[in-house]
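The analysis underlying the following values was restricted to heavy atoms, covering all of them including side chains, and did not include hydrogens, waters or symmetry mates.
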Amino acid sequence: MIKGIIDRFEGDVAVIEVDGKTKDFPKSIFPDKVVVGDVVEIHGDMVKVLKDETEKLRKEIEDLMKDVWED
């Protein structure tokens, strides 16, 4: 099992950040509605989007952005 964040898509490849490094996976194994920034769990050729973790990460990023722009 691999857990990571979708960094970007390049053609038929999904680039996933895993433990600070990127790994390439076939885009075809991902659900159609995944987007950059989604937290995913990869089990072989099965991918699950972790919606709760994705929302938590987005909230953390929003809060950091607010802190940066307030200064």
Side-chain angles (χ1 to χ4, degrees):
M1 192 263 314
I2 297 170
K3 184 175 171 182
I5 302 167
I6 298 177
D7 183 67
R8 65 186 179 276
F9 297 104
E10 296 178 350
D12 293 337
V13 173
V15 181
I16 309 300
E17 181 182 330
V18 180
D19 297 327
K21 298 179 182 174
T22 57
K23 295 186 178 189
D24 295 348
F25 293 89
K27 188 177 177 183
S28 60
I29 68 170
F30 290 82
D32 291 336
K33 296 185 180 188
V34 295
V35 296
V36 170
D38 280 349
V39 179
V40 293
E41 228 175 45
I42 304 168
H43 300 266
D45 64 348
M46 304 252 319
V47 177
K48 178 180 178 183
V49 177
L50 303 176
K51 293 182 187 282
D52 290 343
E53 290 191 43
T54 298
E55 284 307 312
K56 180 180 173 188
L57 181 61
R58 286 196 174 121
K59 176 81 171 107
E60 287 174 13
I61 291 170
E62 273 181 28
D63 291 346
L64 286 171
M65 294 291 287
K66 285 179 186 175
D67 289 345
V68 167
W69 293 115
E70 285 180 1
D71 290 341

Let me confirm one number: the CD-CG distance from E62 to D67, rounded to the nearest 0.5 Å.
12.0 Å
Could you tell me whether the side chain of V13 reaches within less than 4.5 Å of the side chain of F25, counting heavy atoms only?
no
From NZ (K48) to CG (D38), nearest 0.5 Å:
13.5 Å
How would you list, by chain and number, every residue that makes a salt bridge (Lys or Arg N to Asp or Glu O under 4.0 Å) with K59, sequence neighbours excluded?
D63
Taking R58 first and then E60, would you say they form a salt bridge - that is, a charged N and a carboxylate O separated by under 4.0 Å?
no
Electrostatic pair K3-E53, nearest N-O below 4.0 angstrom
yes
Would you say the side chain of V15 lies within less than 4.5 Å of the side chain of F9, judging by non-hydrogen atoms?
no
Single hit among D52, L50, I6 for side-chain contact (heavy atoms from CB on, under 4.5 Å) with V39
L50
Write out all pairs satisfying side-chain hydrogen bond (donor to acceptor under 3.5 Å, both in side chains) with one or both partners inside residues 11-23, taking only residues at least two apart or from two chains.
none
When every non-hydrogen atom of V49 is compared with those of P31, the smallest separation belongs to CG2-CG, 4.3 Å
CD1/I42 to CD1/I29 distance, rounded to the nearest 0.5 angstrom?
5.5 Å
Within the supplied structure, the quantity of interest is the number of heavy atoms (other residues, nucleotides, ligands) at a distance under 6.0 Å from M1 CE; does it exceed 12?
yes
